[in-house]
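This report concerns only the one structure given below.
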Amino acid sequence: MTHSSMTGLRALNELTLVHPDAATTIFNLEDYSVLETQILDYGRRRILIESTVESGCPGCGVIGARCHSRRVQGVRDIPVAGPVEVLWRKRRYFCDETLCERKTFFEATVEVPARARSTRRLHGALVDAVISSGRAATETAIAHGVSWWLVQKALTMAATKLPNVDLLRPRMLGIDEHRFRSVRFFKNTETNAWQRIEPWMTTIVDLDTGQILGVVDGRDHAGVGAWLIKRPLEWRLGFKSSPSILQRRSGKR
Ligand SMILES: [Zn+2]
């Protein structure tokens, strides 16, 4: 038996956790167990985790059974009784389907899908902070110690995850404007002209539910107008045609 197939077998045996240990229970990240914890300088804590679920090959769907190798990847997560540094010892599996073009693949979970660098629960917490507490995205980023980009990405993902915005009938729309970086200029390679790239992004929310309905570029009403014009006619008819349809939410710039 080769070394890699041995580690593969061991990995399979480790998969189910009937009685999770205390650290795993407290850390409470779905489909992961805590392998090791470390207290660093200034009370910082490092948590090494490993997944406890099987992963299928993204090419063919066959469940990985033989571990090829492991690598440690940093994962941004919510604070758990204070800030934590999370490291995932991620398995790479051989794909055993002979017809599949992929030879190996990295495991992925619902909390940390393929190529993700942060947990789904962190995204959820960021979106909640913006839409439930009405905090601006920049404040949320500072409060959670993450980059503005991550907050915006979470908001965008929450927006694109909507089943179908056009089936909703919002009564009042709110808009949040977020400056996400300084103005940048890019040279358009086709026209050779310099183009100003908007550092603003506007999030459109249903004021009654806090649900994000759309994310558009820019901070003027042009972007919002262009977005609104694409909505069903009933949307626009349903609104009282006054500028108060678009209400700037309090606490914003
Ligand atoms: Zn495969």
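Read the numbers this way: they start at 1 and go in the same order the structure lists the ligands and their atoms.
- For the pair Arg71 and Phe106, the distance from NZ or CZ to the six-membered ring centre is under 6.0 Å and the angle to the ring normal is within 45 degrees.
- Within the protein, the N, O or S atoms sitting under 2.8 Å from the Zn ion (ligand 1) are Cys57 SG, Cys60 SG, Cys95 SG, Cys100 SG.
- Ile26 and Val80 get closest at one heavy-atom pair: O-CG1, 4.0 Å.
- Side chains of Arg92 and Thr104: a donor on one and an acceptor on the other come within 3.5 Å.
- If you check the side chains of Glu50 and Ser33, you find no donor sitting under 3.5 Å from an acceptor.
- In the displayed structure, Ile39 atom CD1 is contacted under 6.0 Å by at most 12 heavy atoms of other residues, nucleotides or ligands.
- Taking the six-membered ring where the residue is Trp, the centroids of Phe94 and His68 are separated by under 6.0 Å.
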